[in-house]
Student: 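I am attaching a structure below and will ask some questions about it afterwards.
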Amino acid sequence: MSAIKSIEDLFIHELSDIYSAEKQLARALPRLARAAQDPELSRAFETHAEETQGQIERIDRVVEKLDLRLKRIKCAAMEGLIEESREIIDSIPEGALRDAALIGGAQKVEHYEIASYGTLCALAKLLGYKEAIPLFQETLKEEKATDEKLTKFAESGKNQEAAATSVERKRA
């Protein structure tokens, strides 16, 4: 990590980090869509992939409007979360249990993004970057909506279906 000596340095670091995170996620979401058995869940991952492209474009607009230079860093947190999803796909057979694990992993990602965009909103306000705030707020709203959608998937029976499948396997 390069030296962070000011609040603006912190802002640029956080923005660079989430930019890397979004780019990594954009590459990973199609794999999650293919790995999901439930067609609705698969479509949700595909929709989020499209949404993520729009979020990357918003970051590009912020960078342009504020005339910033992003740091070339790799978001280690997102890298780890994506690696967890690979492990889920590789170690859990296709079906309800894998879908439940994918939902949980995707929610971890959303919570990371919600925290990141909340931080960026706060820093942008502090720095007086008024043109960036609505763009971050729009993305924050999308991330929260995706998290809610994932919660509904889990609560609508996906986790119960996974539990029932697990119980059936134990009895067999």
Side-chain angles (χ1 to χ4, degrees), residues 1-36 40-86 88 101-156:
M1 181 194 287
S2 60
I4 297 174
K5 298 177 182 171
S6 70
I7 200 75
E8 186 168 20
D9 290 347
L10 179 60
F11 176 81
I12 291 169
H13 175 81
E14 292 295 325
L15 190 58
S16 300
D17 184 76
I18 196 64
Y19 190 72
S20 167
E22 295 289 17
K23 291 277 202 173
Q24 290 179 61
L25 185 59
R27 290 188 299 271
L29 281 165
R31 184 168 191 220
L32 297 180
R34 288 189 303 274
E40 278 184 72
L41 181 59
S42 182
R43 276 192 301 281
F45 285 136
E46 289 168 357
T47 299
H48 195 54
E50 293 167 18
E51 203 172 72
T52 299
Q53 286 303 324
Q55 294 165 351
I56 291 168
E57 289 168 15
R58 272 188 222 115
I59 294 172
D60 287 334
R61 290 202 322 250
V62 167
V63 168
E64 187 179 311
K65 284 178 185 235
L66 299 177
D67 194 29
L68 300 173
R69 269 189 66 163
L70 294 179
K71 306 280 183 201
R72 292 183 55 95
I73 60 175
K74 187 165 193 176
C75 177
M78 187 60 72
E79 186 176 31
L81 291 168
I82 289 170
E83 180 55 33
E84 282 185 20
S85 72
R86 280 190 197 104
I88 288 168
L102 290 173
I103 290 167
Q107 285 195 285
K108 290 178 187 179
V109 167
E110 292 311 309
H111 291 203
Y112 180 78
E113 291 177 310
I114 289 166
S116 295
Y117 285 106
T119 298
L120 285 166
C121 283
L123 293 173
K125 285 177 191 171
L126 188 63
L127 289 163
Y129 293 159
K130 291 182 175 111
E131 55 273 279
I133 296 167
L135 296 170
F136 292 144
Q137 287 174 333
E138 185 176 351
T139 298
L140 184 58
K141 183 177 166 188
E142 288 174 353
E143 301 297 5
K144 287 178 178 179
T146 299
D147 182 50
E148 287 176 29
K149 205 181 298 181
L150 289 164
T151 297
K152 285 181 182 159
F153 268 118
E155 292 174 347
S156 72

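Side chains included, hydrogens not; waters and symmetry mates left out as well; all remaining heavy atoms used. It should be emphasised that the depicted structure is a prediction, and the values quoted were computed from it without experimental measurement.
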Student: To the nearest 0.5 Å, how far apart are OH in Tyr117 and SG in Cys121?
Tutor: 10.0 Å
Student: Measure across Gly118 and Leu140 and return the closest heavy-atom pair with its distance rounded to 0.1 Å.
Tutor: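 Smallest heavy-atom distance, with atoms named: N-CD1, 4.0 Å.
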Student: Enumerate the residue pairs fulfilling salt bridge (Lys or Arg N to Asp or Glu O under 4.0 Å) with a member in residues 77-86, sequence neighbours excluded, ordered by first and then second residue.
Tutor: Lys74-Glu79, Glu83-Arg86, Glu84-Lys108
Student: Output all residues satisfying side chain to side chain contact (heavy atoms under 4.5 Å, CB included) with Ala106, sequence neighbours left out; order by chain, then residue number.
Tutor: Phe45, Leu150
Student: What's the separation between atom CD in Glu57 and atom CG in Leu135, rounded to the nearest 0.5 Å?
Tutor: 11.5 Å
Student: Would you name the heavy atoms of Ile73 and Asp17 that are closest together and state the gap between them?
Tutor: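 Closest approach of Ile73 to Asp17, heavy atoms only: CD1-N, 3.5 Å.
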Student: Is the shortest heavy-atom distance from the side chain of Val63 to the side chain of Arg69 under 4.5 Å?
Tutor: no
Student: Do Tyr129 and Glu8 pair up side chain to side chain, a donor and an acceptor below 3.5 Å, judged on atom types alone?
Tutor: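 Yes, side-chain donor-acceptor contact under 3.5 Å.
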Student: If I compare all heavy atoms of Ala33 with all of Ser42, which pair ends up nearest, and what's the gap?
Tutor: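 Closest approach of Ala33 to Ser42, heavy atoms only: O-OG, 2.7 Å.
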Student: Can you list the residues that meet the side chain to side chain contact (heavy atoms under 4.5 Å, CB included) rule with Ala26, with sequence neighbours excluded?
Tutor: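 In terms of side chain to side chain contact (heavy atoms under 4.5 Å, CB included), with neighbours along the sequence ignored, Ala26 is linked to Thr52, Gln53, Ile56.
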Student: Rounded to the nearest 0.5 Å, what's the gap from OG1 on Thr151 to CD on Gln107? Could you check?
Tutor: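 Output value for this atom pair is 4.0 Å.
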Student: Indicate whether the side chain of His48 and that of Glu110 have a donor and an acceptor atom separated by less than 3.5 Å.
Tutor: yes
Student: Tell me every residue that passes salt bridge (Lys or Arg N to Asp or Glu O under 4.0 Å) with Arg31, counting only those two or more places apart in sequence or in another chain.
Tutor: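 Partners of Arg31 by the salt bridge (Lys or Arg N to Asp or Glu O under 4.0 Å) criterion, ordered by chain and then number, come out as Asp90.
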Student: How long is the span from the CG atom in Leu120 to the NZ atom in Lys125, to the nearest 0.5 Å?
Tutor: 12.0 Å
Student: Given Lys23 and Met78, is the side chain to side chain contact (heavy atoms under 4.5 Å, CB included) satisfied, shown in steps?
Tutor: CA-CA 10 Å; Lys23 291 277 202 173; Met78 187 60 72; over 6 Å; no
Student: Roughly how far, to the nearest 0.5 Å, is CG of Leu68 from NZ of Lys71?
Tutor: 10.5 Å
Student: Just by distance, with hydrogens left out, do Thr146 and Glu51 show a side-chain donor and acceptor under 3.5 Å apart?
Tutor: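 Yes, Glu51 and Thr146 have a side-chain donor paired with an acceptor closer than 3.5 Å.
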Student: Does the side chain of Ile12 come within less than 4.5 Å of Ser16's, by heavy atoms?
Tutor: yes
Student: Can you measure from OG1 (Thr119) to CG (Leu10) and round to the nearest 0.5 angstrom?
Tutor: 8.5 Å
Student: Test side chain to side chain contact (heavy atoms under 4.5 Å, CB included) on Ile18 and Glu113; report intermediate values, then the result.
Tutor: CA-CA 7 Å; Ile18 196 64; Glu113 291 177 310; 4.3 Å; yes
Student: What I'd like to find out is whether the side chain of Leu15 reaches to under 4.5 Å of the side chain of Phe136, using heavy atoms alone.
Tutor: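 In contact.
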Student: Could you pull out the closest heavy-atom pair between Asp9 and Ala3, with the gap in Å?
Tutor: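 Shortest heavy-atom separation between Asp9 and Ala3 comes out as OD2-O, 4.1 Å.
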Student: May I have all residue pairs that pass salt bridge (Lys or Arg N to Asp or Glu O under 4.0 Å) and include part of residues 130-141, sequence neighbours excluded?
Tutor: Arg58-Glu138
Student: Write down the atom of Ala101, the atom of Ile88, and the distance for their closest heavy-atom approach.
Tutor: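 Taking every non-hydrogen atom into account, O-CD1, 3.5 Å.
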Student: Which residues satisfy the side chain to side chain contact (heavy atoms under 4.5 Å, CB included) test with Ala44, sequence neighbours excluded?
Tutor: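 Partners of Ala44 under the side chain to side chain contact (heavy atoms under 4.5 Å, CB included) test: Phe153.
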Student: Would you say Gln24's side chain and Cys75's backbone share a donor-acceptor pair under 3.5 angstrom?
Tutor: yes
Student: Going by heavy atoms in the side chains, are Tyr112 and Leu25 under 4.5 Å from each other?
Tutor: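 In short, these two side chains do not touch, never coming nearer than 4.5 Å.
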